[in-house]
Amino acid sequence: MRLVTPALVVYLMADDGVADLAAAAVEAGATAIELGIPYSDPLADGPTIQRAGQRALDAGMTPSRALAVLAEIDRRVDVPLIPMTYGAIVEAYGVERFCADAAAAGAEGLIVADIPPEESAPLRDAAGGAGIDLIHLVAPTSREERLRAAAGLSRGFVYLVASMGTTGARERLDDRLAGLIGRTKAAAGATPVIAGFGISRPEHVRAVLAAGGDGVIVASAAIDALDEGGAEGFATFVRSLAGALA
Amino acid sequence: MIGTHQPDSLGRFGAFGGRFVPETVMAALDELQAAVNEALADPAFHAERDALARDFIGRPTPLYYAERLSEAVGGAQIWLKREDLNHTGAHKINNAVGQALIARRLGKRRIVAETGAGQHGVAAATVCARFGLDAVVYMGLEDTRRQRPNVVRMHMLGAELVPVTAGAGTLKDAMNEAIRDWIASVETTHYMIGSAAGPHPYPLLVRELQAVIGDEARAQLLDRAGRLPDAVLACVGGGSNAIGMFHAFRDDDVRLIGVEAGGDGAQLHAATLGGGRVSILHGSRSYVLADGEGQVLETHSISAGLDYPGVGPEHAHLKETGRAEYVPETDEAALVAFHRLCRLEGIIPALESAHALARAERVAASLPPAAIVLVCLSGRGDKDVDAIADREAVR
C-alpha cells in the first residue's frame with residue numbers, strides 16, 4: 001500500500017454521506033482512511049463504534065453498499081483506503097469475492113478484527129490474490145512468538161493495539177506502549193507499525209512517534225468529535241492530531 | 001479421561017470451532033489451555049473436584065424412572081437424569097466449580113460470566129462466594145425481567161450483576177458484553193463461560209467438566225436396567241448439558257437427540273442447528289442464526305437459556321457427521337411437557353429442560369415398552385414459575 005509515514009489513519013463508519021467526511025479528513029491531514037463495514041456483534045468495538053455501526057445498519061447499510069461507499073471515497077481522495085470488518089461478514093460475502101470486490105472499489109488494505117494469524121490463511125491467500133494488504137494485529141499481551149507471527153504475516157502495516165480493551169477514546173494508553181512498539185518494530189522489519197485503540201489526543205500521537213511508531217489510527221475519538229461538533233468539529237480534531245505528526 | 005473425540009491443535013471439531021477473537025485475548029487462551037492440560041493431568045485437581053462434587057454440589061445426582069409419565073405416554077420407559085437436584089438447581093454448577101479451580105490455578109481472582117436463564121450466573125456467583133473470588137455477571141435486560149428469582153439470588157451471593165440493554169437484551173448480548181469486559185481485563189480476570197461454546201479451549205473444557213452427567217447416567221442405567229438406553233435426549237441452547245450427556249454415549253449404538261427451541265413454531269425461534277448457517281459467533285465457527293450477509297438475527301424462545309443464535313462447535317460437528325440429530329420443540333409443547341411433569345411426577349422442570357421432555361414423550365410414544373429413553377433434566381423450574389403463572393393468568 002502507498003502508505004505515507006508518519007501516518008494518520010482516520011476511521012469512518014460506512015454510511016451515506018461519509019465520502020464528504022473522508023475528503024474533509026484528508027484535507028485536514030489524514031494520510032489514509034479506514035472504513036468500518038458494520039456488523040451486528042462487533043466484539044472488538046467499544047460503545048462509540050457500536051453505536052455508529054448500529055446507526056448504519058438501521059439505515060440499511062450492507063457489505064455491498066459499504067463497498068460502493070468505498071468506491072465513492074476512492075473517487076474523492078487519493079490516499080490508501082482500508083476496509084475494516086469481522087470474519088462473519090467477509091465469509092458470508094465469500095472471502096475471495098470480498099477481496100476482489102474490495103480491491104475493485106479501491107481498497108489497498110484490509111483489517112478483520114477477529115481473525116488471528118492461526119485462522120487467517122484463507123484470507124491471506126484471497127487478499128494476496130486480489131492485490132490488497134491483509135493487516136494483522138499485535139497487542140500488549142502478545143508474547144514474542146505471536147508478535148513475530150503477526151508482524152511477519154502483516155502486509156501494508158502492523159496494527160499495534162495501544163491499550164487493553166475494546167476500541168474507544170482513552171486518557172492514557174497502555175504503560176507498555178513504548179516497549180511494545182520497540183519489540184514490534186524489531187519483528188516487523190521494513191513494514192510500518194501503526195498504533196490504534198484509545199488514540200484521542202495530540203500527546204498520544206507524539207508518544208507513539210517518540211517510541212518509534214510509524215503513525216496512529218484514530219477511530220472512536222474521531223466519531224465522538226463528529227457527534228459532538230459536526231463536520232467542523234471533526235475536521236478541527238483531525239487537524240489537531242495531524243499537527244502532532246510533524 | 002479425554003476420549004477419542006478430540007479437537008485438533010487449533011481447537012477444531014471437524015470444520016467447526018477454532019479461535020476467532022481479537023489478538024488481545026489470544027495469549028490468555030493459550031494460558032488457559034496450558035492450565036487446563038495441567039489440571040486434567042493432575043490427580044490433585046480431580047480429587048478436589050470430586051470432593052466438591054460430593055459435598056458441595058451433591059453428586060452423584062439420581063437417575064429416576066418416571067413411571068407415571070411413561071405410563072401416560074404409553075410407550076418406552078422414560079428415565080430422568082436429575083441434574084435439577086444439584087446445588088443451585090441445574091447442571092451449570094458442574095462447570096462453574098471446575099472453572100473456579102482452574103481460575104485459582106491461573107492466579108485470577110476476578111470472574112466475568114454471561115448468563116441467560118440465570119442458572120450459570122447463579123452458579124458462577126456461588127462458586128465465587130465459595131472460593132472468595134469477585135464475580136461480575138452480565139445478563140440481558142429482558143432476561144433479568146423474566147428470570148427475576150435468579151437475579152435476586154445472584155445479589156444475595158454477592159455478585160455484581162450488569163444488565164445489558166443492547167440488542168434484544170438476551171443471552172447473545174450478555175455474552176458480547178462479558179467478552180468485551182474480558183478483553184479489557186484479561187490479565188487479572190478469568191472468563192467463566194457457561195456453555196460449550198466460545199473460542200478454543202472453552203468448548204473442550206466445558207465438555208470435560210460436564211461429562212460427569214453422562215458418565216454417571218450411563219453407569220447408573222447399566223446398573224439399574226442392565227442395558228443402555230435406545231435414545232438419549234437433552235435440550236440445546238449453547239449445548240453444555242447436551243454435550244455433557246452425549247459424550248459418554250458417543251461410541252454406543254444409541255440415538256443422540258438434541259432439542260432446540262422452536263419458539264412460536266414459525267419465524268420466531270432459536271433453532272440454530274435446524275435453521276442456521278455456518279458462520280462465526282463469540283469466538284468460534286459453528287452454526288449461527290444469521291442472515292445472508294452475516295448479520296446475527298434476533299431469536300425467540302420462552303426459555304431464556306435456549307434463546308441464543310449460536311451453538312457449541314462440537315454439536316455442529318455431531319450434526320454434520322450424523323452422529324446426533326437436532327430437532328425443535330415449540331414454546332407451547334414445552335409448556336405442555338412442563339405441566340405434565342409437574343402433575344404426574346411431582347417434579348417442576350426448568351423451561352429449558354421441558355423442551356427435551358416434550359421430544360422425549362414423542363420418541364417414547366413411538367417405541368415399545370421394553371425400550372428406554374434417557375432424558376437430561378438439566379434444571380429445576382423454580383426460576384420459571386412466576387413467569388409461567390403470569391403468562392397463563394393472562395389467557
Side-chain angles (χ1 to χ4, degrees), chain A residues 37-47 50-51 53-54 57 61-66 85-94 98 112-121 136-147 149-150 159-161 163-168 170 174 176 197, chain B residues 8-12 17-31 164-168 172-189 198-200 276-286 288-298 309-310:
Chain A
I37 301 178
Y39 170 50
S40 56
D41 295 81
L43 278 186
D45 287 311
Q50 285 175 48
R51 270 197 307 275
Q54 196 55 52
L57 289 172
M61 184 53 60
T62 65
S64 306
R65 285 189 58 197
T85 190
Y86 287 81
I89 297 295
V90 175
E91 291 194 358
Y93 196 100
F98 181 88
V112 186
D114 57 350
I115 307 280
E118 289 88 335
E119 303 285 357
S120 71
H136 288 78
L137 289 84
V138 300
T141 46
S142 304
R143 289 201 199 80
E144 218 52 45
E145 65 278 10
R146 294 199 59 80
L147 193 142
Y159 192 139
L160 183 142
V161 175
S163 41
M164 297 293 290
T166 52
T167 55
R170 286 173 179 73
D174 197 275
R176 295 161 288 191
F197 280 56
Chain B
D8 70 12
S9 63
L10 293 173
R12 295 195 183 113
R19 285 180 181 168
F20 296 87
V21 290
E23 175 62 27
T24 307
V25 297
M26 286 297 289
L29 293 172
D30 285 339
E31 250 172 49
V164 177
T165 55
K172 178 198 78 160
D173 311 296
M175 204 152 163
N176 283 341
E177 288 312 314
I179 294 173
R180 288 180 182 128
D181 179 316
W182 192 47
I183 292 170
S185 63
V186 64
E187 291 161 289
T188 56
T189 298
H200 179 63
R277 56 181 84 221
V278 177
S279 185
I280 296 165
L281 181 64
H282 294 149
S284 65
R285 184 189 308 287
S286 186
V288 179
L289 285 169
D291 68 17
E293 290 170 344
Q295 310 293 357
V296 181
L297 297 168
E298 297 295 346

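Residue numbering restarts at 1 for every chain, and letters A, B, ... go by the order of the sequence lines.
With a threshold of 4.5 angstrom between heavy atoms, Val138(A) approaches chain B through N, CA, C or O but not through any side-chain atom. Looking at Val21(B), the atoms closer than 4.5 Å to chain A (heavy atoms on both sides) all sit in the backbone: N, CA, C or O. With a threshold of 4.5 angstrom between heavy atoms, Asp30(B) approaches chain A through side-chain atoms but not through N, CA, C or O. Only the backbone of Ala113(A) comes within less than 4.5 Å of a heavy atom in chain B; its side chain stays farther off. When heavy atoms are compared at a cutoff of 4.5 Å, Pro117(A) approaches chain B solely by way of its side chain, counted from C-beta outward.
The closest donor-acceptor contact from the side chain of Arg180(B) to the backbone of Asp45(A) lies under 3.5 Å. Of the possible polar contacts, one joining the Thr141(A) side chain to the Thr24(B) backbone as a donor-acceptor pair under 3.5 Å is found.
With rounding to the nearest 0.5 Å, the separation of CD in Glu118(A) from CZ in Arg19(B) is 6.5 Å. Rounding to the nearest 0.5 Å gives a distance of 10.0 Å between CG of Leu281(B) and CG of Asp114(A).
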Query raised in the report: Between Glu119(A) and Arg285(B), is a salt bridge (Lys or Arg N to Asp or Glu O under 4.0 Å) present by the stated rule, with each step listed?
Result: CA-CA 11 Å; Glu119(A) 303 285 357; Arg285(B) 184 189 308 287; 5.0 Å; no
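Under the 4.5 Å side-chain criterion, counting only non-hydrogen atoms from C-beta, Gln50(A) is not in contact with Asn176(B). Using a 4.5 Å heavy-atom cutoff, the side chains of Glu298(B) and Ser40(A) are not in contact.
Between Glu293(B) and the options Ile89(A), Leu57(A), Thr62(A), a side-chain contact (heavy atoms from CB on, under 4.5 Å) holds for only Thr62(A).
Interface remark: of the candidates Ala28(B), Ala27(B), Ser185(B), Ala27(B) forms the most heavy-atom pairs closer than 4.5 Å to chain A. Top candidate by heavy-atom pairs under 4.5 Å with chain B, chosen from Val161(A), Asp41(A), Ile115(A), is Asp41(A).
Nearest heavy atom pair, residue Tyr39(A) against residue Gly294(B), reads CE1-O, 3.5 Å.
A donor atom on one side chain and an acceptor atom on the other are found under 3.5 Å apart for Glu23(B) and Ser142(A).
Using a cutoff of 4.0 Å between basic side-chain nitrogens and carboxylate oxygens, Glu31(B) and Arg143(A) are scored as salt-bridged.
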